[in-house]
Amino acid sequence: MVAMSAHPTPSPRRGRAAAVVALAFAAAGIPADLPAQSSAVVPAVATDLPGNAAVALPLRWSQGTLQVFVDGALLPTGLVGQALTGVTLRRPTLPGDVAYAPISRTLTVRGGITTTAAASQGAGLAANRPATMLTLFGPATVTSLAAPAPGPATVVGSDLLVIVFTTPLPVTAGTLFLEFEVGNAPLQISGEHWVDAVWQTGGVDQGLVAPVGDGSCTTRSEPTRLRWTAATGPLPATSAAFELAGAPPGGLVCMWAGLSAQSRGPGPGFLGFGVDLGLVDPGLAGCRQWAPLDVLWSGAASGAGAYASTLAIPAAAAIGLRLAVQGAWIDPSRPGLPLSLGNGLVLVLGSAGVTNRCSSVYFPGAATTSPWATFVGQMPVLRLHY
C-alpha cells in the first residue's frame with residue numbers, strides 16, 4: 001500500500017474532530033454494488049467514473065456539428081472487424097447540476113475510419129471527413145431522455161440519447177470518426193442538456209479528478225461541496241489540493257482519503273463505495289461514504305465556511321492508481337453521529353489513458369470552418385454498441 005501524508009498536521013482540537021469521523025466508520029462492513037456495464041465505454045476510464053468536462057453538442061445547441069476522432073489505441077480490444085450499430089451519450093454529473101427535460105433535435109450521424117491521427121485534425125468540416133464516410137442515422141427527429149439531477153449516490157450520469165444506426169459502421173484499423181450534425185436553425189442554446197465528456201487540455205494527460213455524489217448530506221441550506229483546487233492534475237510527487245465549502249464559519253472539518261475505493265471490499269472504516277451511512281446511524285440515512293479512512297486529517301473552516309487542505313502524493317504512487325477523498329464537518333445539531341458530509345472525489349493518478357488519442361472539432365450553426373482550434377484530448381463519453 002502506498003503511504004499518504006496529509007497537511008497540515010492535526011492539532012489536539014482537530015484530532016478530536018478526526019476521532020468523531022473514525023468512530024462513525026469503525027463498525028463498517030457492508031459491501032457496495034456498482035452498476036454493471038454491458039457495453040464498451042470510450043474512454044475506458046469513464047466506464048465507472050464521470051468525465052471531467054461537458055460539451056454542448058449534439059443537444060444543447062440547436063444547430064451545429066460536432067466531429068469526434070478516436071485513435072484506435074483508445075478503442076476497445078476486439079472492435080476491429082465488428083460493426084458499430086449505435087452509440088449512447090449520457091449527461092454530466094458535476095455537483096449542482098439540475099434535471100434535464102426531454103428535448104427534440106433533428107439529428108444526422110455520420111461515421112467512418114481514417115488513417116489520420118486524432119491530434120492532427122483541422123478546422124475544415126469537409127476536409128476532416130474520411131473518403132469512406134457513411135451516413136449512419138438520419139436526418140431524423142430524436143428526443144432525448146429525461147435525466148434527473150445528480151443525487152447523493154450518483155457516480156455516472158443517466159443516458160441522454162440512445163442512437164440506433166440505420167446503417168452499421170464496419171470498423172477497420174485506424175481512427176474512428178463520428179460526426180453529429182444538428183439541424184434546427186436558427187442556432188439557439190438550451191439552458192442545460194450538456195453531454196458528459198473528458199478533456200485533457202492539449203492532450204496532456206495528468207490523470208482525472210471525478211466528483212461523485214452531490215454534497216447534500218447537510219443540515220445547512222447550502223450543500224457541502226468538495227472540489228479540486230490544484231493547478232495540475234493528480235500527479236505522483238505533487239500535492240493534491242482541495243477545498244471543502246458549506247461548513248459553518250469556524251467549524252471543525254475533517255478530511256479523509258483511501259486507495260482503490262471502487263474495487264475495495266468492506267472493512268474497518270469503510271462500508272463500501274457509495275454505501276448509505278444510514279447502516280451505521282439512521283440519522284445519516286441518505287449520506288454516502290466515498291472514501292476509505294486510510295488517511296485522516298482535520299482543521300477549522302474559514303469565516304466563509306471553507307476549509308482548504310493538501311495531501312502529498314508520493315513519487316512511488318503507481319500511474320493509474322485510484323485515490324478517493326471525502327470531507328465532513330462536525331454538526332452538533334444532527335442527532336446520533338454529528339456529521340454532515342460532502343461529495344467525494346475520485347483521483348486517477350498520473351494518467352487516465354486519454355492523452356492526445358482523441359479530439360473534438362466544433363462548427364456552430366451553419367459554419368463549415370471551425371472558429372476554434374481543434375480540442376485535442378477532448379471527446380464526449382461514448383458508449384459504443386456493436
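In this structure, D331 contributes its side chain and S333 its backbone to a donor-acceptor pair below 3.5 Å. Side chain of N356 to backbone of G203: no donor-acceptor contact under 3.5 angstrom is found. One N or O on the side chain of Q67 and one on the backbone of L125 form a donor-acceptor pair closer than 3.5 Å. When atom types are taken as modelled, the side chain of T106 and the backbone of G183 share no donor-acceptor pair closer than 3.5 angstrom. One N or O on the side chain of N128 and one on the backbone of G122 form a donor-acceptor pair closer than 3.5 Å. Panel note: side chain S62, backbone P186; a donor-acceptor pair is recorded below 3.5 Å. A donor-acceptor pair under 3.5 Å is absent between the side-chain atoms of R105 and the main chain of N184, judged by distance alone. Under the 3.5 Å distance criterion, the side-chain polar atoms of D71 are matched with a main-chain donor or acceptor of A118. Within the 3.5 Å criterion, the main-chain N or O of V376 finds no donor-acceptor partner in the side chain of S359. Checking side-chain atoms of S144 against main-chain N and O of I103 turns up a donor-acceptor pair under 3.5 Å.
Inter-residue side-chain proximity for F137 and T108 is flagged as unmet; no heavy-atom pair is nearer than 4.5 Å. Under the 4.5 Å side-chain criterion, counting only non-hydrogen atoms from C-beta, P95 is in contact with P211. No side-chain heavy atom of E243 sits less than 4.5 Å from a side-chain heavy atom of L226. Within the 4.5 Å cutoff, the side chain of V182 has no heavy atoms near those of the Q63 side chain. Side-chain contact between P234 and V209 is present, with heavy atoms from C-beta onward closer than 4.5 Å. Side-chain atoms of R220 and P248, non-hydrogen and from C-beta on, do get closer than 4.5 Å to each other. Residues P249 and S302 form no side-chain contact, since every pair of their non-hydrogen atoms from C-beta on lies 4.5 Å or further apart. A heavy-atom distance below 4.5 Å is found between the side chains of N52 and W199.
The closest side-chain donor-acceptor pair between H385 and T88 falls under 3.5 angstrom. A donor atom on one side chain and an acceptor atom on the other are not found under 3.5 Å apart for T224 and S340.
The shortest non-hydrogen separation linking A317 to L349 is CB-CD1, 3.8 Å. Here the closest heavy-atom approach between residue L49 and residue Q262 is recorded as CD2-OE1, 3.7 Å. Between L107 and P58 the shortest heavy-atom distance is CD1-CB, 4.0 Å. In terms of heavy-atom proximity, Y307 sits nearest to S298 at OH-O, 3.3 Å. Between R110 and E179, the shortest heavy-atom contact is NH1-OE2, 2.6 Å. For the pair L75 and L384, the tightest heavy-atom approach, listed with the atom from each and the gap, is CD2-CD1, 4.2 Å.
Note that CH2 of W297 and OG1 of T310 are 8.5 Å apart. Values are rounded to the nearest 0.5 Å. Here the OG1-CG distance, from T229 to L244, works out to 11.5 Å after rounding to the nearest 0.5 Å. Here the CD atom belonging to Q326 is positioned 4.5 Å from the CH2 atom belonging to W256, to the nearest 0.5 angstrom. For the atom pair CG (D159) and CZ (R90), the distance works out to 8.5 Å, reported to the nearest 0.5 Å. Rounding to the nearest 0.5 Å gives a distance of 8.0 Å between CG of L84 and CG of L136. With values rounded to the nearest 0.5 angstrom, L178 atom CG is found 9.0 Å from L66 atom CG.
Using bins of under 30°, 30° to 60° and over 60° for the plane-to-plane angle, the ring pair F273/W290 lands in the perpendicular bin.
For Y362 and F375, the ring centers sit closer than 6.0 Å to each other. Ring-centre distance between F177 and F69: below the 6.0 Å cut-off.
Cluster annotation: L59 is not connected to V361 through the hydrophobic network of ILVMFWY side chains, with a link wherever side-chain heavy atoms come within less than 4.5 Å. Cluster membership check: V354 does not share its hydrophobic cluster with V42, using side-chain heavy-atom separations under 4.5 Å among Ile, Leu, Val, Met, Phe, Trp and Tyr. In this structure, V162 is not a member of the same hydrophobic cluster as L57, with clusters built from ILVMFWY side-chain heavy atoms closer than 4.5 Å. Residues I319 and V204 are members of separate hydrophobic clusters, defined by side-chain heavy-atom contacts under 4.5 angstrom among Ile, Leu, Val, Met, Phe, Trp and Tyr. In this structure, L79 is a member of the same hydrophobic cluster as V68, with clusters built from ILVMFWY side-chain heavy atoms closer than 4.5 Å.
In summary, R60 and E192 do not engage in a salt bridge, as defined by a charged side-chain N under 4.0 Å from a carboxylate O. Residues D281 and R334 are not paired through a salt bridge, judged by the lack of any N-O separation under 4.0 Å between the basic side chain and the carboxylate. A salt bridge does not link R383 with D196: every distance from a Lys NZ or Arg NE/NH1/NH2 to an Asp or Glu carboxylate oxygen is 4.0 Å or more. With respect to R91 and D97, a salt bridge is recorded, a charged nitrogen being found less than 4.0 Å from a carboxylate O.
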_Test side-chain contact (heavy atoms from CB on, under 4.5 Å) on D48 and V155; report intermediate values, then the result._
CA-CA 7 Å; D48 57 357; V155 180; 5.6 Å; no
_If you apply the rule side-chain contact (heavy atoms from CB on, under 4.5 Å), what do you find for L323 with V346, and how did you get there?_
CA-CA 6 Å; L323 173 68; V346 177; over 6 Å; no
*Apply side-chain contact (heavy atoms from CB on, under 4.5 Å) to the pair V198 and M379, showing each step before the final yes or no.*
CA-CA 6 Å; V198 295; M379 65 173 290; 3.8 Å; yes
_For N343 and V212: C-alpha separation, side-chain torsions, deciding distance, then whether side-chain contact (heavy atoms from CB on, under 4.5 Å) applies._
CA-CA 6 Å; N343 57 282; V212 289; over 6 Å; no
